[in-house]
There are 2 protein chains.
Amino acid sequence: MPTIYDVAKLASVSPATVSRVVNQRGNVRPDMASRVNEAIEALDYRPNVVARNLRRQTSAVWTLIFSDIDAFHFTAVSRGVMEIGQDVGKSVVLCNTDDEPDKEQRYIEVAVADRVAGVVISPASESGGVLEPLLELDIPVVTIDRDLPSSAVGSVLVENECGAEQATAHLLASGYGRIACITGDLALSTAAQRLAGYRGALEAAGVPYDPALVRTTDYREAGGYRAMSQLLELDRPPDAVFVANSQMTLGALECLADRGVSIPDEMGIVGFDEHPWARLVSPALTTVAQPTYELGRVAAQMLVERAKDPGGPPTRVSLPTELIVRESSTPRRRAPARQR
Amino acid sequence: MPTIYDVAKLASVSPATVSRVVNQRGNVRPDMASRVNEAIEALDYRPNVVARNLRRQTSAVWTLIFSDIDAFHFTAVSRGVMEIGQDVGKSVVLCNTDDEPDKEQRYIEVAVADRVAGVVISPASESGGVLEPLLELDIPVVTIDRDLPSSAVGSVLVENECGAEQATAHLLASGYGRIACITGDLALSTAAQRLAGYRGALEAAGVPYDPALVRTTDYREAGGYRAMSQLLELDRPPDAVFVANSQMTLGALECLADRGVSIPDEMGIVGFDEHPWARLVSPALTTVAQPTYELGRVAAQMLVERAKDPGGPPTRVSLPTELIVRESSTPRRRAPARQR
DNA sequence: CTGAAAGCGCTAACAC
DNA sequence: GTGTTAGCGCTTTCAG
């Protein structure tokens, strides 16, 4: 592979001049420039970005560290990030922590060692400390999805509470009376906020809060199935359920299908997270859509802002959700609430 | 940020010794080693991988270039790659070409400039040439999903033809008589192979091939919808359909729902690609499952093999599919084929 | 406007 | 077993 010296020699100029041509900095006499370009062409020269980065003390890489396992969320967010990345010449390296703090820490170590230009992370460990090494190096960090208490970092979140409240209020308005909530580990801000939204809606409607109707489980499909089946075994089972993420919603739907519970008449359901298949299950599923793609874009945007102005205070934004009403929450005629 | 020299000074040793300790190469007297480690600790030293890579002329990055847009396929494959990557200390940078050859080329340029350690790519342009720059630099390349004619590169494909044949044969065996096929642009090897499998099954069963029953469209949801609706408008519409990818399957299902065509009695359907929601649509969808995760793992594995033995001939493997039979292709009683 | 030269931080011969 | 030293390929002052 030819180096900048080979090009310089062939074009009978100094490497500095070649560098100027390649990077379009400083002024170079047109005839020299074209001589250089010819040499580059002739040798098929390609600048070595590793060397450039070492010299410039910069990097053209962002790290995207994901804890979530949902394929759609993940894909949409990373697309958002990559899109902005492409505009500003950044590559995106992807890391999946599977929600394991160990893995998360390892990936952060790697990001530090690589001196990456920025990190977007949905934290697995919701305690601040993990990000320290990054911050020490002044590497811009933006958290997404989940909040971090201590953060001196940017964050772009979703209005989970508001979204959950809307969903629950909608179920109420549709005539359901005993509404359950399946959510995740309350140590996760998303799970806690979505539960809070659920409670908020009940309160606002003057419906008493019944802890028996709330299940916290892991954010997986199996958890959703289990939680739903427990709810059905209650003495006074619910007549509707708000499920706080899409994987648990899959599980819950499956459980309802297995038990032969008919939606939306015997049981109304609203799930968090929009998916291509939401329209296709029958009845079509009402969902709380997150602006996933935007999430990625905004986070990436913050990274570039922060790189421009490292001094400024970190930005924190919260993006709105959208309730998409379909059939699973809109009974033709409300069945009377079951009494035992 | 402290450098290796700072550590050396503090530990009163030479930078070479620090390097030896950090990389665990060569022998270092234990007492020195611990002095070095203390200094590392004290200064919170973190090796600069950029400098190391420049010196060693290596890189710890793989590039994964994707043309496909399907979130599940994409996620599963990249997980497979990342998993192996983590085992061997490689980071994975992700690129999405949206099937645009321009973007693909740009990403390849970047991979070259970064001197990455390997590239996994599902080619957007199915002509070989694009990979030249990579091969010139002896960067190991493995193609996935799609085949490249000219390839001096490794490849891991899926037995598309066989999978499609099984799917079609299954529809035949279930009693369907007029089976249609919705596939993608035939310039894509996957689309062509899946069509070939369909034809193969018909032939094997002695069923005449009717071009009117074959639709080629883009691999998207809208294309599937359109194709399905055209098929329904035929003088003699099909009584079953094999759809060559998941996005088009979504579209086709939607169309069938809109038209009130009942599955599986009026219309049987089998889709390529397995998804979490396949069980949940009703009736549950019969699919041809690709070993997506394996695809990624095997491709990554090839990258490491190839790095070990750059001389050897490129490996080419083809992974089997699995037919997952559900309700959408298994009518209770076969309705008599419609006559016009 | 161009060239010489000094590093960026690290590793690997090569001496000792 | 350890230290010295010369680069990896590039950019960027600083002179000219």
**Spacing of B/Arg115 atom CZ relative to D/dC10 atom C1', expressed in whole Å** = 11 Å

**Message:** Can you measure A/Tyr5 atom OH to D/dG9 atom P for me and round it to whole angstrom units?
**Reply:** 10 Å

**Message:** Measure CZ/A/Arg56 against C1'/C/dG7 and give the value in whole Å, please.
**Reply:** 15 Å

**Item:** Ion pair A/Arg115/A/Asp138, N-O distance below 4.0 Å
**Value:** no

**Item:** Carboxylate-amine/guanidinium contact B/Asp31 B/Arg29, below 4.0 Å
**Value:** yes

**Complete:** Rounded to whole Å, the CG-P distance (A/Asn53 to C/dC10) equals 15 Å

**Asked** Toward the 5' end of DNA chain D, which comes first, B/Ser14 or A/Ile4, by nearest nucleotide?
**Response** B/Ser14

**Message:** Using whole Å, what does the distance between atom P of nucleotide C/dC1 and atom CG of A/Asp31 come to?
**Reply:** 11 Å

**Asked** Crowded around B/Lys103 NZ? As in, over 12 foreign heavy atoms under 6.0 Å?
**Response** yes

**Request:** Using a cut-off of strictly less than 4.0 Å, decide whether A/Gln57 has a side-chain nitrogen or oxygen near OP1 or OP2 of D/dT11.
**Result:** no

**Request:** Look at B/Arg29 and D/dG1 and indicate whether a side-chain polar atom (N or O) is within less than 4.0 Å of OP1 or OP2.
**Result:** no

**Request:** Tell me what B/Val50 touches on the nucleic acid: a base, only sugar-phosphate, or nothing, going by heavy atoms under 4.0 Å.
**Result:** nothing

**Asked** 5'-most contact on DNA chain D: B/Leu54 or B/Asn27, nearest heavy atom basis?
**Response** B/Asn27

**Request:** In whole angstrom, give the distance that lies between atom CZ of A/Arg55 and atom P of D/dC10.
**Result:** 13 Å

**Message:** By the 4.0 Å heavy-atom rule, please label B/Val22 as base, sugar-phosphate, or nothing.
**Reply:** nothing

**Prompt:** Are B/Arg146 and B/Asp99 within salt-bridge range, i.e. N to O under 4.0 Å?
**Reply:** yes

**Message:** What is the separation between atom OH on A/Tyr45 and atom C1' on D/dC10, rounded to the nearest whole Å?
**Reply:** 7 Å

**Prompt:** Counting only heavy atoms not in B/Glu83, do more than 12 sit closer than 6.0 Å to its CD atom?
**Reply:** yes

**Fill in**
Closest of D/dG3, D/dT12, C/dT2 to the A/Thr17 side chain is C/dT2

**Fill in**
Here the distance between atom P of D/dC10 and atom CZ of A/Arg25, to the nearest Å, is 14 Å

**Message:** With a 4.0 Å cutoff (strictly under), does any side-chain N or O of B/Asn48 reach OP1 or OP2 of C/dC8?
**Reply:** no

**Message:** Between B/Arg20 and B/Val49, which residue's closest nucleotide on DNA chain C lies nearer the 5′ terminus?
**Reply:** B/Val49

**Message:** Check the phosphate of D/dG9 against A/Thr3, side-chain N and O only, distance under 4.0 Å to OP1 or OP2. Yes or no?
**Reply:** no

